[in-house]
2 protein chains.
Amino acid sequence: MSNEQALAQYDVKQYRTPDGYTADIAVFTIISTRLDTYKPPTMELKLMLIKRSMTDLEGRPNIEAGKWALPGGFVNPDETSFQSAQRELQEETGVSGLHLKHFGVYDKPGRDPRGWIISNAHYAIVPEHRLSSRQANDDADDVELFTIDQVLQLELAFDHAEIISDAVKVMAQELLETTVAKEFLPKEFTYSELQSVLRTVTNEPQIISDPAFARKIKTLPFIQEVTGKKTTRTSKKPTQLYRFTEPVQLSKSIYTVRY
Amino acid sequence: MSNEQALAQYDVKQYRTPDGYTADIAVFTIISTRLDTYKPPTMELKLMLIKRSMTDLEGRPNIEAGKWALPGGFVNPDETSFQSAQRELQEETGVSGLHLKHFGVYDKPGRDPRGWIISNAHYAIVPEHRLSSRQANDDADDVELFTIDQVLQLELAFDHAEIISDAVKVMAQELLETTVAKEFLPKEFTYSELQSVLRTVTNEPQIISDPAFARKIKTLPFIQEVTGKKTTRTSKKPTQLYRFTEPVQLSKSIYTVRY
DNA sequence: TTAATAGTGTCTCTGAGACACTATCGT
DNA sequence: ACGATAGTGTCTCAGAGACACTATTAA
């Protein structure tokens with residue numbers, strides 16, 4: 001191993017290096033409204049954004065001040081961008097262990113007026129009640145939840161419009177192709193509650209139609225009936241409860257599914 | 001817009017910044033062997049690796065010298081890592097427009113002994129004949145194709161073992177869930193040729209079984225029969241040719257497919 | 001004629017799709 | 001009894017899975 005020799009002679013500054021490395025997070029939640037007792041909930045997908053302060057900590061004017069942006073921050077040299085995102089998310093929600101996933105890198109020259117800054121984008125899925133205690137911090141004047149439609153109308157900082165539009169696509173995809181929907185649901189749930197979650201991102205007939213979905217849920221290998229357990233929270237007629245089973249390997253090729 | 005004022009006061013160096021930003025590429029190809037005339041080809045998935053030189057351009061000992069590594073290089077400040085990967089890939093193959101996709105970021109502290117270096121990982125799918133003219137360059141002593149099994153036995157530079165293992169998974173997934181298989185096939189192909197490609201990454205019964213696959217291929221919405229056109233390159237009996245149609249939106253949720 | 005690949009002929013069984021129907025409760 | 005959600009009954013049709021069978025050619 002002459003790696004030590006090589007290293008001794010290696011000049012770290014022979015290439016131009018980035019001016020910064022950040023981790024941004026698109027925090028999704030679903031606001032669930034129970035219109036009435038004995039009714040299934042109405043659900044709406046929301047994204048959390050922060051409003052950038054007009055001035056920074058030292059009172060100087062801030063970059064992209066007043067615009068809405070994804071929460072995030074600079075990555076420290078002793079952590080990965082994922083760890084950095086975890087830290088940010090924990091600061092924002094007060095809990096760790098939430099569903100967090102990396103989905104893209106944004107490095108277009110000029111995307112940040114401060115210089116060559118690479119952003120590593122993540123998205124998180126957070127149950128509604130974790131965000132009730134949300135608060136503005138040093139960097140932000142305001143924190144708010146928006147529907148996806150609303151977000152696209154806002155004036156967004158940097159290239160966050162692009163990042164968000166990608167995040168929405170990836171998140172919708174994952175909701176349909178994995179079992180993350182469970183992050184939005186209680187441990188035990190009715191078919192109509194799962195249906196409400198999926199309705200926020202799809203309108204496939206099998207999911208929209210109640211009879212079809214009620215039948216289908218019983219055949220899914222990753223969902224099991226909680227035998228004998230029922231609830232009346234969504235209807236007067238006691239409704240069967242279901243539960244996600246332990247992770248199953250799900251992967252179907254387009255060459256084997258039905259169209 | 002007081003962004004100009006803010007910018008004037010912004011100190012780019014207030015955070016520690018990365019020491020480098022690289023783009024690495026896992027170049028996949030399928031080596032197709034025609035054992036005999038009138039036989040379907042046997043296909044094997046291969047990955048292209050380079051062997052790192054013992055010394056650099058100035059004759060000094062190189063980092064991770066002698067180990068096998070993914071091709072790649074430092075990203076310039078005026079390009080995205082994707083563009084950088086495109087450039088590298090073109091240098092390696094002599095052509096542009098090949099299938100190239102970003103799949104992950106590797107930024108674990110200590111992954112590169114030279115410092116805080118972030119690697120943006122891509123994979124490419126290259127038809128076999130594009131790699132015939134491959135050659136070693138300044139940075140590499142040698143360039144070679146390995147099967148995935150072989151690769152896992154090699155001594156690999158940096159954290160490339162991890163990157164490669166991720167690349168293989170993502171690439172196998174994409175082969176089954178999109179129509180990229182076409183990158184490995186001629187414009188018009190027989191069912192057994194497509195089957196050979198898919199066999200490199202799966203053993204789902206519907207794909208492995210000839211009668212089943214021969215039936216299934218006719219019902220796939222993204223593949224059409226080339227009516228009346230046959231070939232005898234895979235068998236003595238003239239075989240029907242097929243062709244991929246223009247991109248179709250394929251997305252099936254796990255809640256609607258059959259298991 | 002044989003050997004090899006490329007299919008097709010059936011049968012059974014599961015599930016999708018449609019739509020009417022029943023079930024169960026609170027009010 | 002009614003209204004509302006949660007299902008089930010039944011029919012038809014498409015396709016999966018299994019396995020034997022036929023089709024077409026070169027040698």
Side-chain angles (χ1 to χ4, degrees), chain A residues 32-43 188-196 198-199 202-221 223 225-242 252-259, chain B residues 32-43 188-196 198-199 202-221 223 225-242 252-259:
Chain A
S32 148
T33 322
R34 291 200 181 266
L35 300 158
D36 244 324
T37 46
Y38 307 120
K39 280 226 170 217
T42 304
M43 297 193 177
E188 300 181 343
F189 51 88
T190 69
Y191 84 86
S192 62
E193 288 169 335
L194 173 55
Q195 198 184 16
S196 292
L198 300 178
R199 262 175 184 283
T202 190
N203 44 26
E204 289 180 79
Q206 250 199 71
I207 288 176
I208 295 302
S209 150
D210 299 301
F213 197 69
R215 275 214 167 83
K216 183 70 183 181
I217 195 171
K218 292 192 228 165
T219 74
L220 297 173
I223 290 181
E225 217 177 281
V226 186
T227 42
K229 216 161 165 200
K230 309 209 175 206
T231 181
T232 54
R233 68 172 174 257
T234 63
S235 95
K236 294 165 183 168
K237 173 174 176 183
T239 309
Q240 182 58 53
L241 285 170
Y242 294 88
K252 275 281 180 178
S253 88
I254 58 172
Y255 301 97
T256 55
V257 304
R258 276 182 78 165
Y259 287 99
Chain B
S32 150
T33 321
R34 290 197 182 269
L35 299 158
D36 243 323
T37 46
Y38 307 120
K39 278 224 171 219
T42 304
M43 298 194 178
E188 300 181 343
F189 51 88
T190 69
Y191 84 86
S192 63
E193 288 169 335
L194 173 56
Q195 199 184 16
S196 293
L198 300 178
R199 262 176 185 285
T202 190
N203 45 25
E204 289 179 79
Q206 249 199 74
I207 288 175
I208 295 302
S209 151
D210 299 303
F213 198 69
R215 277 215 166 83
K216 183 72 184 180
I217 195 171
K218 292 192 228 166
T219 75
L220 296 173
I223 290 181
E225 217 177 281
V226 185
T227 41
K229 216 159 166 201
K230 309 208 174 206
T231 182
T232 55
R233 67 170 175 260
T234 62
S235 95
K236 293 165 184 169
K237 172 172 176 183
T239 310
Q240 182 58 52
L241 286 170
Y242 294 89
K252 276 279 181 178
S253 90
I254 58 172
Y255 301 98
T256 56
V257 303
R258 276 183 79 165
Y259 287 97

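Naming: A, B, ... by sequence-line order, numbering from 1 per chain. All heavy atoms count here, side chains included; hydrogens, waters and symmetry mates do not.
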Expressed as a whole number of angstroms, how long is the span from [X]:[atom1] to [N]:[atom2]?
| X | N | atom1 | atom2 | result |
| --- | --- | --- | --- | --- |
| B:Q195 | C:dA6 | CD | C1' | 11 Å |
| A:I207 | C:dA16 | CD1 | C1' | 14 Å |
| B:R34 | C:dT5 | CZ | P | 13 Å |
| B:Y191 | C:dT8 | OH | C1' | 12 Å |
| A:D210 | D:dT8 | CG | P | 13 Å |
| A:L220 | C:dG15 | CG | P | 11 Å |
| B:Y259 | C:dC13 | OH | P | 25 Å |
| A:L194 | D:dA6 | CG | C1' | 15 Å |

If the cut-off is 4.0 Å, is [X] near the phosphate of [N], judged by side-chain N/O to OP1 or OP2?
| X | N | answer |
| --- | --- | --- |
| B:K218 | C:dT8 | yes |
| A:K216 | C:dA16 | yes |
| A:T234 | D:dA6 | yes |

Nearest-nucleotide pick for [X], side chain only, options being [options]:
| X | options | answer |
| --- | --- | --- |
| B:S235 | D:dG7, D:dT5, C:dA6 | C:dA6 |
| A:K237 | C:dA6, C:dT27, D:dG7 | D:dG7 |
| B:Y38 | D:dA26, C:dG7, C:dT5 | D:dA26 |

How far does NZ of B:K230 sit from CG of B:L241, to the nearest 0.5 angstrom?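 Those atoms lie 9.5 Å apart.
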Interatomic distance, NZ@A:K216 vs CD1@A:I223, rounded to 0.5 Å, equals 10.5 Å
Under 4.0 angstrom, heavy atoms only, what part of the nucleic acid is [X] near: base, sugar-phosphate, or nothing?
| X | answer |
| --- | --- |
| B:K230 | nothing |
| A:T219 | nothing |
| A:P205 | nothing |
| A:S192 | sugar-phosphate |
| A:P238 | sugar-phosphate |

Beyond-backbone contact of B:R199 with B:M43, side-chain heavy atoms, under 4.5 angstrom:
no
Note to self: Under a plain distance cut-off of 3.5 Å, with no hydrogens placed, do B:Q206 and A:T256 share a side-chain donor-acceptor pair?
What the structure shows: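 A:T256 vs B:Q206: no donor-acceptor pair found between side chains.
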Q) Closest nucleotide of DNA chain C for A:P211 versus for A:K236: which of these residues is on the 5' side? A)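 Nearest nucleotide further toward 5': that of A:P211.
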DNA chain C nearest-nucleotide lookup for B:Q240 and B:R258: closer to the 5′ end is B:Q240
Whether the side chain of A:Q195 engages the backbone of A:I207 through a donor-acceptor N/O pair (distance < 3.5 Å, no angle test) should be reported.
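It does hold such a pair.
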**Prompt:** For the side chain of B:T227 and the backbone of B:E225, is there at least one donor-acceptor N/O pair under 3.5 Å apart?
**Reply:** no
**Q.** No-H, no-angle donor-acceptor pair, B:R215 side chain to D:dG17 base, under 3.5 Å
**A.**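 No pair found.
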